[in-house]
Protein chains: 2
Amino acid sequence: MPTLDDVAKKAGVSRGTVSNVFNRPDAVRTALRERVEEAARLLGYGGPDPKGRLLKEGKFNAIGFMPPGAYAISDVVRSPYGRELLLGAAQACDAAGATLSLVNGTDETRTASIREALVDGFILGNVIDIELVASAKRRRLPFVILESDAGPEINSIRIDGHCGAIAAARHLLGLGHRRFAILSIRRAAGAPIVHMPGKSGRELMTGFALDHERLAGFRDALAEAGLSIDDMPIIETTPGDPGAGAAVFDNCPDATAIVTMSDWQAITVLDEAVRRGIDVPDQVSVIGFDGTAEAARTIPPLTTVAHDIAGKARMAAEMVLANGAPRQVVLPVELTLRGSTAKPRDALAPGKRQPAKPPRP
Amino acid sequence: MPTLDDVAKKAGVSRGTVSNVFNRPDAVRTALRERVEEAARLLGYGGPDPKGRLLKEGKFNAIGFMPPGAYAISDVVRSPYGRELLLGAAQACDAAGATLSLVNGTDETRTASIREALVDGFILGNVIDIELVASAKRRRLPFVILESDAGPEINSIRIDGHCGAIAAARHLLGLGHRRFAILSIRRAAGAPIVHMPGKSGRELMTGFALDHERLAGFRDALAEAGLSIDDMPIIETTPGDPGAGAAVFDNCPDATAIVTMSDWQAITVLDEAVRRGIDVPDQVSVIGFDGTAEAARTIPPLTTVAHDIAGKARMAAEMVLANGAPRQVVLPVELTLRGSTAKPRDALAPGKRQPAKPPRP
DNA sequence: AGAAAAACTTGGAGCGCTCCAATAAATGTT
DNA sequence: AACATTTATTGGAGCGCTCCAAGTTTTTCT
């Protein structure tokens, strides 16, 4: 690869002049410029390599987007939620003329990616462990984390999950539901993990997970109605896992309402219901979380706890780009009522519901 | 911002040693390493800035994706076709551990973006003018263009649009349709442009546009049936423009079939049909192009000329990453029959169809 | 024509880091 | 204790470019 220097040598001028020919052409006399251009052409030099300039200028004019949890960047594109996040970030980048870099990172390489990403700042999809935040901080670039709060020093934007969960639960309770199955979010890839009532620990509600808050909201709303979340089965599934529906219907045959932590989970439940001939909402109500565009297009359309996902990501990107004082933003949610929730009907009406199977060990 | 040098000075060691502390920690004796780490901590130095390394190593480990036509990156995320492209590119990047950079560029800044993008190569969404290809070539990085062929020197991947259009047209002709309205693709943003038969030039079939080929396919299939494309209205619209449907129904009230160049166009037509109470496929057949996931979920599901969009983008990304000898790939298409096409019924059955309006000037 | 002003060129000093040959220090051997 | 090995550390040369003060040439003006 020829460099600026090579061209300068060939044209018999200095490096600076060649730089001018490409960057400030009218600061160079025509004859000379043409000579330089000719030399560049001869050498196959296509103009200054941005690498050099970069070092000088110090800015990439790019922000990085690091997928939430254990997701790869293709998972982000595939997921309804991830797509809207991407859309919002892209809008902000469009407006700022910046590049949006989808930064790749598996669980092991994630901190390395943060250390080395060629960006001016980044958006961290919701973070599982505090270590990631620490390494982001070490990088000393602006960043914002989504769906977690890491204190007043760190930019964060999250929704009011507690409130959203309460709204969802009250809605279902108001319809008369008393037996719930809860789909919580499993971060790592893998099969659903079933926690039946009374069984294994309920320490799901701790830690840095985005559904901590939401579960707490359900718990509180349930408590208002004299119910305990400890009596409800909780199943951890990875959003988008097509096995989620099966895990629910197999393990919780008498639940009249299925509450989820993401629309994508709810959508897979809906799919499985169709497969099993279970009518939603006639036999079982399903409620989503997020308010993705897809939720409006399912059959039946999904009742969901909606928020402005793209707006959230747009704000995040703008915060990164602006690089101002740290802020913690909590966005409102809104319960969007659609067709997937209704009053419970006798859950065991003969012939209409598939026979209860014993819960798996 | 402290640099490696500052740390070295503060710790009283050389730059190289500090570099080792961060990159090859066990090549430095413990005591010294700790002294260096302490100095770094004191200075708030968070590790080597990737900019420096970059210059040395010369690789970004990233590929750029430049949106087709006049689209912004948010348009790509928004469009069903763009999303699948993104998905495929993301899959390839996941596999290679590379970053996918969505490179921003308006019409004016596009060549500048190509000149300056901080990537090792790029995918160019379908290109309108040859000038873009020239500037990509000048950059001397591997790149592939989608949906165009720029000769044997340039990587390109496109589908067999001619064949696809013929299949679509034959299908409709076989059903008995004789009066078509054709939606062609308008590249720039803007309102639909209506070309009624006999009116304004038909030079749509020239140039570097992706629908050149497809129009030619329709023309040829129509000719087989003794019809001329010159007798059919052609309307140029930007995919996703919600006005597309109105433009068709207003201007071509007696078409029994609407052929489009993209699913997104077809979907907006479907939406407008619902709005006007026009039954698809009872009153008018609609056919898409691309085979996006969305096309399967419309009501009625869309008959479309499908291809593996994500696979195409994946291949493109792999070609960029591999940086091998130039190839030109033509991918097969497949007519996917669904519910949006059927036999024409008398197009002007009274009371069922909205009265024909005169075409707009 | 000569001086002053304007226009153009140059060369060097970075930008922050990595790599490597050379040097220095520690450890091992007889 | 003298020497050979092994292990640590250093300093300089890039990587490709931009910026700028200083120097040179050309143009303009009297």
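Note on naming: letters A, B, ... go to the chains in the order of the sequence lines (proteins, then strands), and numbering restarts at 1 for each one.
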How would you label the contact of B:Arg33 with the nucleic acid (heavy atoms, under 4.0 Å): base, sugar-phosphate, or nothing?
nothing

Output for pair (A:Ile114 CD1, A:Ser135 OG), nearest 0.5 Å, gives 4.0 Å

Distance below 4.0 Å between B:Arg29 side-chain N/O and D:dA8 OP1 or OP2
no

What's the NZ-P distance between B:Lys51 and D:dC17, to the nearest Å?
18 Å

Verify the contact: side-chain N or O of B:Ser14 to OP1 or OP2 of D:dG11, cut-off strictly under 4.0 Å; return yes or no.
no

Earlier contact from the 5' end, DNA chain C, for B:Lys56 and A:Asp26:
A:Asp26

Name the nucleic acid region contacted by A:Leu32, choosing base, sugar-phosphate or nothing; use a 4.0 angstrom heavy-atom cut-off, strictly under.
sugar-phosphate

Whole-Å distance, A:Asn20 CG to C:dA7 P, equals 15 Å

Comparing nearest nucleotides in DNA chain D, the 5'-proximal residue of the pair B:Gly52, B:Val13 is B:Val13

Has A:Ser19 got a side-chain N or O lying under 4.0 Å from the OP1 or OP2 atom of D:dC17?
no

May I ask you to verify if any side-chain N or O of B:Arg15 is less than 4.0 angstrom from the OP1 or OP2 atom of D:dT9?
no

May I have the distance from A:Glu116 (atom CD) to C:dC17 (atom C1'), rounded to whole angstrom?
12 Å

Whole Å only: how far is the CZ atom of A:Arg24 from the P atom of C:dT9?
13 Å

Nearest whole Å is fine: how far is D:dA8 P from B:Arg35 CZ?
15 Å

Considering every strand and a 4.0 Å limit on heavy-atom distances, what is the contact class for A:Phe22: base, sugar-phosphate, or nothing?
nothing

Short side-chain N/O contact to C:dT18 OP1/OP2 from B:Asn23, under 4.0 Å
yes

For B:Asn104 and B:Met66, what are the C-alpha separation, side-chain angles and deciding distance, and is it a side chain to side chain contact (heavy atoms under 4.5 Å, CB included)?
CA-CA 7 Å; B:Asn104 205 299; B:Met66 171 142 288; over 6 Å; no

Separation of A:Glu57 atom CD from D:dT18 atom C1', in whole Å?
8 Å

Atom NZ of B:Lys9 and atom C1' of D:dG11 are separated, to the nearest Å, by 13 Å

What do the steps show when you test A:Gln328 against A:Asn155 for side chain to side chain contact (heavy atoms under 4.5 Å, CB included), and what is the final call?
CA-CA 6 Å; A:Gln328 293 75 44; A:Asn155 281 310; 5.7 Å; no

Out of C:dG16, C:dT18, D:dC17, minimum distance to the side chain of B:Arg53 belongs to C:dT18

CG of B:Asp5 versus C1' of C:dG14: gap in Å, rounded?
11 Å

Can you tell whether the side chains of A:Lys312 and A:Glu84 come within less than 4.0 Å, N to carboxylate O?
no

Regarding A:Thr17, tell me which of base, sugar-phosphate or nothing describes its non-hydrogen contacts under 4.0 Å with the strands shown.
base

May I ask you to check whether B:Phe22 and B:Tyr45 place their ring centers less than 6.0 Å from one another?
yes

